[in-house]
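Structure first, commentary second.
Since this is a predicted model, take the numbers as computed values, not measurements. What's counted below: heavy atoms across the whole structure, side chains too, no hydrogens, waters or symmetry copies. Throughout, protein chains are lettered first and strands after them, A, B, ... in sequence-line order, and every chain is numbered starting at 1.
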Amino acid sequence: MKFSIPGTKTMLTAAIFSTLIAQVEFVLAANTGSNPQISAEFNHDTIKNKASLVIQFDLANAKQTLSYLESNN
Amino acid sequence: LTDSELDQWVKLPGTQALISKVKSSADTALSAIKKVVARQPLTSQEKRFQYEFIYNNLVQMQQFIKKLDENRDSIITVLKAKLGQYLPANKQATITLYGLMGSYSAGFAFTQDPTAFYMGLHFYKNDVQGVTLSAEHELFHTRQTIGYNYKPVMKNMTAADSAYEAPYYLVRHLYLEGSAQYVADGKPYIATSPFLKNEYDHMAVNNNRQEAAFYLLEHLLLDIYNHPASMNFDHVYSILFDWDWNNPAYYAGKEMISALVKAFGEQYIHQSLKKDALFFVKDYMTLAKTKTGLYTFSGEFEKLIDKMISELK
């Protein structure tokens with residue numbers, strides 16, 4: 001998509017928002033390697049203040065996708 | 001899985017996000033996964049889901065998901081410890097990290113929902129630490145989104161002068177990516193995480209062309225401000241922020257926030273979350289005038305930043 005038309009503020013806005021702002025994406029190259037353990041240095045004072053933050057890690061899509069592929073392997 | 005179970009799979013939030021990400025449909029997702037196991041040729045639309053790659057590496061993928069599942073609590077604890085410190089004391093937030101199998105992206109989010117983030121786990125090749133730190137980077141973006149709503153500011157600024165739109169957007173991203181790189185710094189983990197080492201090595205070239213990276217950033221922003229009618233925004237964004245160009249704006253942004261934190265302490269990160277990204281650039285420019293070894297932006301660039309700051313309501 002190009003933005004070379006003079007005076008197309010609306011088009012630019014729409015294009016920026018649709019192609020860039022709509023998705024925060026990072027593309028990283030795949031690599032191989034060992035199985036490192038998670039290393040974490042905890043600040044216990046910090047952890048006490050974390051009650052207001054809830055993080056969920058939902059693996060349903062990954063598990064069910066693999067389950068389907070496995071059942072038909 | 002039966003057809004009815006596959007229908008449930010399609011309705012999962014993670015699957016729905018994946019379909020949106022690859023700009024496809026539920027029917028195409030279903031046909032893609034069915035064709036892969038039937039070893040039938042895929043259309044270009046169906047290939048976007050990358051099920052063929054996952055199917056061909058099924059055992060490794062299963063082992064990796066099992067390991068992530070076993071480490072789920074540890075991952076969440078690490079993320080809460082790192083990200084919770086940036087949350088205001090009286091603020092509550094629930095963020096869901098969706099682990100996906102599919103698509104061409106290792107991580108993405110939709111700005112209409114800052115409480116969710118999606119990761120294409122098939123990219124991470126058995127590297128739990130890589131997943132954890134990448135999640136930290138992306139979840140920090142959700143914190144940034146909560147902290148400062150720049151969209152109405154951008155609207156006002158663009159109304160004042162449409163030529164501000166692209167440089168303002170890029171300054172915002174310079175801050176977003178630079179500070180996320182600083183907060184989720186992969187360097188301490190490169191000895192144990194091949195994924196993060198690969199990322200670090202790829203960007204390391206910027207260390208040898210520090211001044212050139214800043215020069216590129218400065219002059220691209222000036223160019224699109226001075227010649228908005230002839231710019232190609234996709235190219236500019238790609239040159240500054242894409243992996244293929246060694247992410248020079250990620251590098252420059254991280255260098256800038258690192259200098260500011262060194263000068264003003266970690267609280268600079270907290271303060272910056274509530275302020276417009278223009279002040280981040282202004283603060284750096286002011287600091288660079290007093291410190292040796294920091295890139296000094298030109299007077300013309302500073303004037304542009306000052307003009308945009310004067311438009312802030």
(message) With ring-ring contact (aromatic ring centres under 6.0 Å, His included) as the criterion, how do Y164(B) and Y168(B) come out once you've worked through the C-alpha distance, each side chain's angles and the decisive distance to 0.1 Å?
(response) CA-CA 6 Å; Y164(B) 288 145; Y168(B) 178 72; 8.8 Å; no

(message) According to salt bridge (charged side-chain N to carboxylate O under 4.0 Å, His left out), who are the partners of K66(B), at least two apart in sequence or on a separate chain?
(response) E70(B)

(message) If I measure from the heavy atoms of chain A, does I33(B) come under 4.5 Å with its side chain, its backbone, both, or neither?
(response) both

(request) Check Q63(B), Q60(B), K67(B) against N126(B) for a side-chain hydrogen bond (donor to acceptor under 3.5 Å, both in side chains) and give me the one that passes. (result) K67(B)

(request) Heavy atoms only, distances under 4.5 angstrom: which of G14(B), A191(B), A93(B) has the most pairs with chain A? Name it, please. (result) A93(B)

(request) Examine whether an atom of I95(B) lies under 4.5 Å from a heavy atom of chain A, and if so say whether it belongs to the side chain, the backbone or both; otherwise answer neither. (result) both

(request) Against chain A, label L18(B) side chain, backbone, both or neither, depending on which of its atoms sit under 4.5 Å from a heavy atom there. (result) side chain

(message) At a 4.5 Å cut-off on heavy atoms, which part of K155(B) comes close to chain A: side chain, backbone, both, or neither?
(response) neither

(message) Between D3(B) and K34(B) (salt bridge meaning N to carboxylate O under 4.0 Å), is one present in this structure?
(response) yes

(request) Would you mind telling me which of L121(B), L133(B), L100(B), I65(B) has the largest number of heavy-atom pairs within less than 4.5 Å of chain A? (result) L100(B)

(message) Holding to salt bridge (charged side-chain N to carboxylate O under 4.0 Å, His left out), I want the full list of residues that pass it with D201(B), two or more places apart in sequence or in another chain.
(response) K197(B)

